[in-house]
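Just so we're on the same page: letters track the sequence lines, and every chain starts at 1.
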Protein chains: 2
Amino acid sequence: MSRSSVIAPFQTERHDHSSCRRDALARAEDICLRKGLRLTELRRRVLELVWSGHEPVRAYDLLDQLRGERRGAAPPTVYRALDFLQEHGFVHKIESLNAYVGCAEPADRHGGQFLICRRCKAVAELDDPAIHDTVQRRAEASGFLVQGQVIEVTGLCPRCAADPAAPQPHAHEH
Amino acid sequence: MSRSSVIAPFQTERHDHSSCRRDALARAEDICLRKGLRLTELRRRVLELVWSGHEPVRAYDLLDQLRGERRGAAPPTVYRALDFLQEHGFVHKIESLNAYVGCAEPADRHGGQFLICRRCKAVAELDDPAIHDTVQRRAEASGFLVQGQVIEVTGLCPRCAADPAAPQPHAHEH
DNA sequence: GTCGGTGATGTTATGGTATAACCACAACAG
DNA sequence: CTGTTGTGGTTATACCATAACATCACCGAC
Ligand SMILES: [Zn+2]
Ligand SMILES: [Zn+2]
Ligand SMILES: [Zn+2]
Ligand SMILES: [Zn+2]
């Protein structure tokens, strides 16, 4: 058996998410220290907010939260922090949702493959070589030079598929 | 040899694009006739505009063109037409560009797999079973119930990869 | 020390994408 | 004729993202 390609699996309803968040921040701090990157207070806080759950977070939701904490927060505030975090692999953008999720394995650069639950909104991240290589090979078969892959699969996570009536612990409030 | 999985290949610099456009419109008219769908003047015109080239077209570019032809054109005008065309498979949305391309094989419903040239902006569409099945299998291996796939590959088309200095026949004017 | 460069953030404004809500009207079935 | 449905007009607003310039902290050169 090779290692699982699931690098951020769907979570059980009552997992200890504070440890997810803590681990992600610790990893980011470690990587920035080793690479000489500046994980400033703002960038650290935005990463922490993105890790408030396993659902993609929208930029203006982040902005609303920042406005409650920081004088003068504006769209560029959050987009610049997100740019930094994306550039160094700490968060991914979900193109089909215009929203952002934390990456659980930022150490190695990867495009990311995402399973997005339509019902509970949770996202799991794969880094499956079979998917990556198949896409790469079939694109090259058309003479195309591949530089990046966007792979976003929508559907139902195991829990929502099993019990469509179950509560949705992570659903956004509106 | 099985049939090629490329359903909308990259075009040569000087292909007869008016026949691409004409064929796409004829196919759409035929399908709508057989399915009892109403390809109205507006919808037909939007489809024609989307087929102005092989590059994704933005909704507000369509709107600008409609405004020159039609009194009272507004965002809902174009988005409603695009909704119809997407729903019935005549156009696809490129999520990573927020733009729309015509589909050359609208007969069978498919998510579409897109090769997007960063340089000339042209898009080729694949409908590769190997990609589709690999994504399906690997997602199911995580217990995920797949409902839709977004596959968008960015890079360089054969012509741009071969000659990075060549002119870009389809580039948008600004 | 202070000068100047660099990178991060503040600040204002704008551009780009998409939908809500309500209205008018045509086509059609009962 | 009348109610229903589908299409598009119209107005307004929400949501997503960047441009451009100002300010400030930091740090090394001198
Ligand atoms: Zn968690
Ligand atoms: Zn779910
Ligand atoms: Zn063509
Ligand atoms: Zn190209």
Q: Tell me whether the OP1 or OP2 atom of D:dT18 has a side-chain N or O from A:Arg80 closer than 4.0 Å.
A: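 Answer no for this pair, as no side-chain N or O of A:Arg80 is under 4.0 Å from OP1 or OP2.
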Q: Under 4.0 Å: is that the gap between some side-chain N or O of B:Thr77 and OP1 or OP2 of D:dG9?
A: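 Looking at the OP1 and OP2 atoms of D:dG9, one of them is under 4.0 Å from a side-chain N or O of B:Thr77.
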Q: Considering only C:dG10, D:dT11, C:dA18, which nucleotide approaches the side chain of B:Pro76 most closely?
A: D:dT11
Q: In terms of side-chain heavy atoms of B:Tyr79, which of D:dG9, D:dG8, C:dT17 is nearest?
A: C:dT17
Q: How about B:His92 and B:Gln86: does a side-chain donor come under 3.5 Å of a side-chain acceptor?
A: no
Q: Answer yes if the side chains of A:Glu140 and A:Gln136 hold a donor-acceptor pair under 3.5 Å, and no otherwise.
A: yes
Q: Do you see a donor-acceptor pair shorter than 3.5 Å between the side chains of A:Gln147 and B:Thr154?
A: no
Q: Using OP1 and OP2 only, check whether a side-chain N or O of A:Arg43 sits under 4.0 Å from C:dT9.
A: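 True: A:Arg43 side-chain N/O within range (under 4.0 Å) of C:dT9 OP1/OP2.
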Q: Assuming nearest nucleotide by heavy-atom distance, tell me which of B:Ala99 and A:Glu41 is located more 5' along DNA chain C.
A: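 The answer here is A:Glu41.
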Q: Is the base of D:dC15 stacked against the aromatic ring of A:Tyr60, taking ring centres under 5.5 Å apart and planes under 30° as the test?
A: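 No; by the centre-distance and plane-angle rule, A:Tyr60 does not count as stacking on D:dC15.
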Q: Which residue lies toward the 5' end of DNA chain D, B:Asn98 or B:Arg38, if each is placed at its nearest nucleotide?
A: B:Arg38
Q: Ignoring hydrogens and angles, answer whether the base of C:dG10 and the side-chain atoms of A:Arg70 contain a donor-acceptor pair closer than 3.5 Å.
A: no
Q: Using a heavy-atom cut-off of under 4.0 Å over every strand shown, decide if A:Tyr100 touches base, sugar-phosphate, or nothing.
A: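 Touches sugar-phosphate only.
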Q: Is the backbone of A:Leu39 close enough, under 3.5 Å, to the side chain of A:Glu29 for a donor and an acceptor to pair up by distance?
A: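 Pair absent, no side-chain N/O of A:Glu29 close to backbone of A:Leu39.
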